[in-house]
Amino acid sequence: MEPCMLSFSGGAEAVLALQENSSISVAYHPLYGPHDDLSLLELDEKLLDDVIHQRAFLRGHPDENAVFCTRSKTYAVKFVSTSNSVLLIPSSIQVPEDEASQDGNQRRCNLDVASVIKLAPGHLELVEIAPKLDKLKLLLSENPYKLEDVSAMAMEEIETKKIGLYRWHDLVNEVQASEEELKSGLKALSAVEIGGYWRLVDESCIGMILKMLLHNSVLNDWMLSALDEDEVLHVLEADGFPHKIAHHCLSVFGDMVDEGEGRCVWRLNERRVCVHYARDVLREGKMRINNFTEEWKKRVPEEMVANFEMLDGEVLKEKLGVETWVRPFRVSSLPSDPSERFSILFKERPKWDWRDLEPYVRDLTVPGLSLEGLLLKFTRRVQSSPEAEPVFSAR
């Protein structure tokens, strides 16, 4: 009998259409090989729709571990090996015919055979993680907006060089986070879009605008709990500040309390204003607590009351002999990765009372793991008695 060439037209459709107690022949396709460009991805059903409608993306540079991002969440991509053989059988329309099967001198058999094009050693799985937003702050810190940027000449120069400036699509490509998480990260950093670029406003710049706002509140008899947006912005613009930056100052230090009938009313946030001036006082480094408190209270507006509870996660107090000193130590300067965060904290202090530690860890987020779980994983907890405050050290 003349030899024949098996047809590889069955494909995945034939396998999926198999009825109970039926079978189909399986064979290695002549193009069988490693095919490193093909991988199996295990998906939760809730993610399937995002993948099918191309609303999910892999993000990361060659020197980074890739992450899988939907519109609102970020997932680590991990390879899981399997002990059982997993055969990849593509759709029949995706299986190329080999040259031999196209040889007119060789008769083809009419049997449908499912063609195996690859043996998969495992699959990729997704694990939800916190977005990697530390890079966002690093990028935006390259070129913060400063007072000298107000001039048109400076803006044109920056536009020409474009050094350390990032548009929205640049940040999406650079930062391993979903778009919703990226927006939240920009808001947490008090970033503002200026001329199409997302930027941080330098503390000295935003401080100068706040100083002028408070100065004008005295001159114009404004109530800090009821600032008319239009009037405030008009006066600040007359002082030479761009409308966009003046409005940004209101949003950084204030809360909108009323919006209607064509006017917006803002109230300055006491804590944010007081924290700003505490940072300003400590700009040169640590101080005796009495000196710090005296200088701090001088700088805050008369209508506001400064107290140390406002400075949780901003400063540390330490005893040096009989004196107590205070120095800046901002939670916003610490990495968001729990392992790196705890490592820095225990280099700073080998032992932490809970009242001091809590402000520096409460913002940590790991999907599926509570703060208590993080403490169990990274710290040792000691209590001299059930009533005593716990003390934490490195695990």
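Bear in mind that the values here come from a model prediction, so they are computed numbers and not experimental data. Heavy-atom basis, side chains included; hydrogens, waters and symmetry copies ignored.
Donor-acceptor pairing under 3.5 Å is recorded for the side chains of Asp49 and His53. Between Asp134 and Ser336, the side chains place a donor N or O and an acceptor N or O closer than 3.5 Å (distance only, hydrogens not considered). No side-chain N or O of Thr74 forms a donor-acceptor pair with one of Gln176 less than 3.5 Å apart. Side-chain atoms of Tyr277 and Glu295 include no donor-acceptor pair closer than 3.5 Å. Side-chain atoms of Arg199 and Tyr145 form no donor-acceptor pair, as typed in the model, at a separation below 3.5 Å. A side-chain donor-acceptor contact under 3.5 Å links Glu174 and His61. Between the side chains of Gln19 and Ser22, no donor-acceptor pair is found at a separation under 3.5 Å.
Under the 4.5 Å side-chain criterion, counting only non-hydrogen atoms from C-beta, Val331 is not in contact with Pro359. Between Leu186 and Leu140 there is a side-chain heavy-atom pair separated by less than 4.5 Å. Taking the side chain as every heavy atom from C-beta outward, Val172 and Phe57 never approach each other to under 4.5 Å. In this structure, Arg330 and Arg279 have side chains that are in contact, with non-hydrogen atoms separated by less than 4.5 Å. Arg395 places none of its side-chain heavy atoms less than 4.5 Å from the side chain of Lys377. Proximity of Leu124 to Glu42: side-chain heavy atoms (C-beta onward) are nowhere separated by under 4.5 Å. Residues Thr293 and Lys297 form a side-chain contact, since some pair of their non-hydrogen atoms from C-beta on lies under 4.5 Å apart. Two residues are said to be in side-chain contact when any heavy atoms from C-beta on lie closer than 4.5 Å; Trp198 and Leu165 fail this criterion.
Ring geometry for Tyr75 versus Phe68: interplanar angle over 60°, hence perpendicular rather than tilted (30 to 60°).
For the pair Arg272 and Ser251, the tightest heavy-atom approach, listed with the atom from each and the gap, is NH1-O, 3.7 Å. Taking each heavy atom of Ala226 and Val265 in turn, the nearest pair found is CA-CG1, 3.7 Å. Nearest heavy-atom pair, Cys274 versus Met310, reported as atom, atom and distance to 0.1 Å: CB-SD, 3.4 Å. Across all non-hydrogen atoms, the minimal contact from Asn269 to Asp255 is ND2-OD2, 3.0 Å. Minimum interatomic distance between Ser115 and Ile89 (heavy atoms only, all atoms of both residues): O-CG2, 3.5 Å. Annotation for Leu200 and Leu189: closest pair CD2-O, 3.5 Å, computed over non-hydrogen atoms.
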Between Arg299 and Asp280, does a side chain to side chain contact (heavy atoms under 4.5 Å, CB included) hold up when you go through it step by step?
CA-CA 9 Å; Arg299 299 198 189 188; Asp280 199 43; 2.6 Å; yes

Could you go step by step and tell me if Val315 and Phe329 meet the side chain to side chain contact (heavy atoms under 4.5 Å, CB included) rule?
CA-CA 5 Å; Val315 301; Phe329 188 67; over 6 Å; no

Could you walk me through whether Ile117 and Tyr32 pass side chain to side chain contact (heavy atoms under 4.5 Å, CB included), step by step?
CA-CA 4 Å; Ile117 202 164; Tyr32 172 85; 5.6 Å; no

For Val281 and Met287, run side chain to side chain contact (heavy atoms under 4.5 Å, CB included): C-alpha distance rounded to whole Å, both residues' side-chain angles, the deciding distance at 0.1 Å, then the answer.
CA-CA 9 Å; Val281 172; Met287 298 176 63; 3.6 Å; yes

Going through the distances and angles, do Glu64 and Lys135 end up as a salt bridge (charged side-chain N to carboxylate O under 4.0 Å, His left out)?
CA-CA 12 Å; Glu64 298 173 324; Lys135 187 176 182 181; 3.4 Å; yes

Residues Glu181, Lys73; criterion salt bridge (charged side-chain N to carboxylate O under 4.0 Å, His left out); working and verdict
CA-CA 7 Å; Glu181 292 166 329; Lys73 293 184 178 180; over 6 Å; no

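Hydrophobic cluster membership is shared by Leu316 and Val361, with clusters built from Ile, Leu, Val, Met, Phe, Trp and Tyr side chains linked at under 4.5 angstrom. Residues Met256 and Leu268 fall within the same hydrophobic cluster, defined by Ile, Leu, Val, Met, Phe, Trp and Tyr side chains chained together at heavy-atom separations under 4.5 Å. Transitive grouping of hydrophobic side chains (ILVMFWY, heavy atoms separated by less than 4.5 Å) brings Phe346 and Ile344 into a common cluster. Clustering ILVMFWY residues whenever any of their side-chain heavy atoms sit less than 4.5 angstrom apart, transitively, puts Trp296 in the very cluster that holds Leu210. In this structure, Trp352 is not a member of the same hydrophobic cluster as Leu311, with clusters built from ILVMFWY side-chain heavy atoms closer than 4.5 Å.
Between the side chain of His248 and the backbone N or O of Ser190 there is at least one donor-acceptor pair closer than 3.5 Å. Under the 3.5 Å distance criterion, the side-chain polar atoms of Lys286 are left unmatched by any main-chain donor or acceptor of Val326. Although no hydrogens or angles enter the test, the distance criterion places a donor-acceptor pair under 3.5 Å between the side chain of Asn143 and the main chain of Ile163. Between the Arg59 side chain and the Ala177 main chain, a donor and an acceptor come within less than 3.5 Å of each other. At distances below 3.5 Å, at least one donor-acceptor pair connects side-chain atoms of Asp337 with backbone N or O atoms of Glu340.
Counting heavy atoms of neighbouring residues, nucleotides and ligands inside a 6.0 Å radius, atom CD of Gln54 does not exceed 12 of them. The environment of NZ in Lys317 is sparse: at most 12 heavy-atom neighbours from other residues, nucleotides or ligands sit within 6.0 Å. Residue-environment remark: CG (Asn65) stays at or below the threshold of 12 foreign heavy atoms within 6.0 Å. Surrounding CE of Met208 are at most 12 heavy atoms belonging to other residues, nucleotides or ligands under 6.0 Å away. Annotation for Arg349: atom CZ counts as buried by contact number, over 12 foreign heavy atoms lying within 6.0 Å.
For the atom pair Leu369 CG and Leu376 CG, the distance stands at 8.5 Å (nearest 0.5 Å). Annotation: the span from Lys211 atom NZ to Leu214 atom CG amounts to 10.5 Å, rounded to 0.5 Å. Taking CG of Asn290 as the reference point, atom OG1 of Thr324 lies at 8.0 Å (rounded to 0.5 Å).
Between Arg355 and Glu389, at least one side-chain nitrogen of the basic residue sits less than 4.0 Å from a carboxylate oxygen of the acidic one, meeting the salt-bridge criterion. The existence of a salt bridge linking Arg167 and Asp170 is excluded, since no basic side-chain nitrogen approaches an acidic carboxylate oxygen closer than 4.0 Å. We find that Lys244 and Glu193 are not joined by a salt bridge, their nearest charged nitrogen and carboxylate oxygen being 4.0 Å or further apart. In this structure, Lys187 does not pair ionically with Glu180, as no charged nitrogen and carboxylate oxygen lie closer than 4.0 Å. Salt bridge present: Arg341 and Asp363 bring a charged side-chain N and a carboxylate O closer than 4.0 Å.
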Going by atom type alone, with no hydrogens or angles, which donor-acceptor pairs under 3.5 Å involve a side-chain atom of residues 228-238 and a protein atom two or more places apart or on another chain?
| unit_1 | atom_1 | unit_2 | atom_2 | d |
| --- | --- | --- | --- | --- |
| Asp228 | OD1 | Asp230 | N | 3.2 |
| Asp228 | OD1 | Glu231 | N | 3.0 |
| Asp228 | OD2 | Arg263 | NE | 3.2 |
| Asp228 | OD2 | Arg263 | NH2 | 3.2 |
| Glu229 | OE1 | Trp266 | NE1 | 2.8 |
| Glu231 | OE2 | Trp222 | NE1 | 2.9 |

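Among residues at least two apart or in separate chains, ring pair (Phe, Tyr, Trp, His ring centres under 6.0 Å) pairs with a member in residues 368-395 are Phe342-Phe378, Trp354-Phe392. Contacts classified as side chain to side chain donor-acceptor pair (under 3.5 Å) and involving residues 78-87 (residues at least two apart or in different chains) are not found.
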